[in-house]
Amino acid sequence: MAERRFVTSRLPGFATVAILAFVALYLPIFTLVSFSFNGGRAVNQWEGFSLHWYGVAWANTAVQDATIRSLFIAVMAALISTLVATMAAVGTTRRRRFTGQTFIYAMINQPLMVPEIVTAVALLIFFAAIKVATGYQGLGYLILAHSAFCVPFAYLPIRARLEGMDLSLETAAADLYATPWHTFRRITLPLMAPGIIAGAMLAFVISLDDVVITEFVKSGGQDTLPTYMLGQLRRGVTPEVNAISTMLLGLTVVMLTAFFLLTRNRD
């Protein structure tokens, strides 16, 4: 008698639960995108199709400043966190297991396990002391805060890429008298490049979307696009916020799609 395999999708009610989950996740997003094309000022009453609020958002100088600031911080945070994550990934994977390796993994991934509000408060206290001592109030604090938070997000795909690479190529290069630097530059780095790119894009998206840490660390006049939108919600919602949210959503979807294509398994 043939053994019957356990298939989760055949469980009673599986399809119903899956459909409800997708509806709960995506119906609010679909509603937001739909009302970004609303011609009137109401955010919950359809008054005709229009691109008016996209034009308003595009011409809003505050939105432009916040967007440029967000992109600059996200690019810098992605570069710094990816560099740190790359060094950490190489140092923890391209060698034999050592004492304390699990502890190092846990420390690198610690921002993923600790509530973001805890990280935000810790960074607020730390940077407040530096601000008092130095008097510096620039964007450097936001860049460093975002970089620290994004390191584990960049580290995971890079480490996954390295763990899937065979050490035999690097061993062969060493047998052929290649120096460690030449081995890394000619073999290790090209092979791990997809993981580095994926980690950088993931870090960019995480930094671009961050609200909690930014709200705690930023100084006056340093609103990013998410914190600007949060401030607008407190003053009164218009479809302009929906239009900004839709454009931000579109950018995030593009980046995450590219991340998926770079990290999926290839034959």
Taking every heavy atom of Val151 against every heavy atom of Ala85, the minimum-distance pair comes out as O-CB, 3.8 Å
Please check if atom CZ in Phe37 has more than 12 non-hydrogen atoms from other residues, nucleotides or ligands closer than 6.0 Å. yes
Should we say atom CZ of Phe49 is surrounded by more than 12 heavy atoms from elsewhere, each under 6.0 Å from it? yes
The reported gap from OG1 in Thr246 to CG in Leu251 (rounded to nearest 0.5 angstrom) is 12.5 Å
Of all heavy-atom pairs between Leu208 and Pro226, which one has the smallest distance, and what is that distance? O-CG, 3.2 Å
Are a donor atom and an acceptor atom from the side chains of Glu215 and Thr227 found within less than 3.5 Å of each other? no
Which residues pass the salt bridge (charged side-chain N to carboxylate O under 4.0 Å, His left out) test with Asp223, sequence neighbours left out? Lys218
Non-neighbouring partners of Ser50 that pass side-chain hydrogen bond (donor to acceptor under 3.5 Å, both in side chains), sequence neighbours left out: none
Got a second to check how far Thr67's OG1 is from Leu248's CG, nearest 0.5 Å? 8.5 Å
Closest heavy-atom pair, Tyr54 versus Ser36, reported as atoms and distance to 0.1 Å, is OH-OG, 2.7 Å
Tell me the ring pair (Phe, Tyr, Trp, His ring centres under 6.0 Å) pairs involving residues 196-230, sequence neighbours left out? none
Any donor-acceptor pair under 3.5 Å from Ser147 side chain to Ile143 backbone: yes
Residues which pass side-chain hydrogen bond (donor to acceptor under 3.5 Å, both in side chains) with Glu240, listed by chain and number, not counting sequence neighbours: Asn60
Verify whether one side chain among Tyr155 and Thr86 offers a donor that lies under 3.5 Å from an acceptor in the other. no
For Thr214, the side-chain hydrogen bond (donor to acceptor under 3.5 Å, both in side chains) test, sequence neighbours excluded, returns His146, Asp210
Do Lys131's NZ or CZ and the ring of Tyr136 fall within the cation-pi criteria of under 6.0 Å and 45°? no
Does Arg185 have more than 12 heavy atoms from other residues, nucleotides or ligands lying within 6.0 Å of its CZ? yes
Spell out, yes or no, whether Met192 and Leu83 are grouped together once hydrophobic residues are joined by side-chain heavy atoms under 4.5 Å, including indirect joins. no
According to side-chain hydrogen bond (donor to acceptor under 3.5 Å, both in side chains), who are the partners of Glu163, at least two apart in sequence or on a separate chain? Arg159
